[in-house]
Amino acid sequence: MDFLPIFLNVKDKLCLVVGGGGVARRKAAMLTSAGAMVKVVAPALSGAFAGMPGIGHVAEYFQPGHLDGAALVIAATGDSAVNLDVSQQARARNIPVNVVDNPSLSTFIMPSVLDRSPLLVAFSTGGASPVLARMLRSKLETLIPQGYGRLAAFSARFRDTVKARVTSLAKRRIFWEAVLEGAVAEEVLAGDEAGAEAMLLGMLENARLPENERVQQVGEVYLVGAGPGDADLLTFRALRLMQKADVVVYDNLVSKPVLKMTRRDATRIFAGKKRDDHVMPQEKINELLVRLAKQGKRVLRLKGGDPFIFGRGGEEIETLAENGIPFQVVPGITAASGVAAYAGIPLTHRDHAQSCIFVTGHLKDGSMNLDWEALARPNQTIVVYMGLHGLAMLCAELIGHGLPDSTPAAIVQQGTTQNQRVISGTLATLPGIAQIEKLQAPTLIIVGGVVALRKKLAWFNPGKP
Ligand code: SAH
């Protein structure tokens, strides 16, 4: 190690920044955010300092006397002679000094910081590559949820209580692991600290009981939207929970690349649902989730797209709520938005569509029970889920209710995946084209003027149109 990483308490301490430009301003801001009293020494301050609260300005050139009483000093002038002077004077007085971008004149360096106060992640390349440090920082941003600061603060509140009640060090560690990896932490991250507190106190009570009298801790269920197929479209939260779950209950629509990102040693249960082929009826799925959670498991219920859009997610959480199982719902990118983006079809557009409507084209007793008047409106995009088998009927009804038969329409097969295919035509021609093409589920139908924009826009698309 070239440096000793430490976290310095500078609250209410005098810290000196020499320099009046943008870099000096950033350093001053960092110091004030750690509670320091900041004095900026520079003949004049640049516009960057405008409106900056909480700093004192000494409008002079640097002199050694400015260092009196300083706990640390940062030299951030563009003048190497001044920077050298500050460094020498500070070192002569044993005041820690940092010269920006000059480790050889510095007795300390400033790390890159990821701030989730009170949780702080600080790291440095020792000046070797600030760009690398910045890249790493953005990676860590995605890895460490925003709410971890709150989680750390929450843990601090209960540290003494837990210490008093769970006296063995080893047992305390196990207790805290259960808290920080389980439902309590999830409640905090979801913003329900009162709920989290009740749970933690319940766990403490339970931990005090003799082993054979302890209540089995209930697990939890994460109802997570897996998006339309491309694993890059998962949310950070989805990914975090996917890597935490003990059991994964997934649908047919969940793509292989997405499934691969679930925890490697998790048990995987296929809950099916191809058209007319319900491997597991909905009630059985609902019961399964409850049963697994009651065994104390962290259950990931992974569903294609968004769980609340034609996904029966509502029914699943209803059963969970009735059984007092903690759960959380994580939205996913629904097929309509994912597929449309990858196919180069904007769902709304100033000139073509001021509204967009999602419907299910699922056939019930051979017919489609839809509000055709509401659908067959001008300047509206219609997205039909589960509509392929009723395509001919759909197009005929829309024409019958007033849409021109020349209205552009497209079918997207397995959108956002490697197998994405888009076929397009009009309300008059699409059913015929679809019969010739051998389409594979899942497919999404998009109807409206926006479909015609595809030729212009598909070129710019990251996916394979
Ligand atoms: N909850 C899901 C939809 C479930 S209904 C969501 O929000 O996307 C299943 C229907 O979604 C399929 O019949 C199909 O119409 C559509 N669908 C889902 N993923 C798709 C994909 N990758 N490409 C095309 N259509 C898709």
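First listed ligand is number 1; within each ligand, the first listed atom is number 1. Computed over heavy atoms, backbone and side chain alike; hydrogens, waters and symmetry mates excluded.
- Of the candidates V329, T334, V330, D306 forms a side chain to side chain contact (heavy atoms under 4.5 Å, CB included) with just one, namely T334.
- Ring geometry, F154 versus F158: the interplanar angle falls from 30° to 60°, so the pair is classed tilted.
- With hydrogens and angles ignored, the 3.5 Å screen pairs no side-chain donor or acceptor of D251 with any backbone N or O of L253.
- Sorted by chain then number, the residues whose non-hydrogen atoms approach ligand 1 to under 4.0 Å are P228, L253, G304, G305, D306, I309, F310, T334, A335, V339, Y385, M386, V412, Q414, G415, P442, T443, L444.
- A donor-acceptor contact closer than 3.5 angstrom links the side chains of E186 and Q328.
- Residue I423 holds its CD1 atom at 4.5 Å from CG of L439, rounded to the nearest 0.5 Å.
- Scored by the salt bridge (charged side-chain N to carboxylate O under 4.0 Å, His left out) test, R134 finds no partners at all (sequence neighbours excluded).
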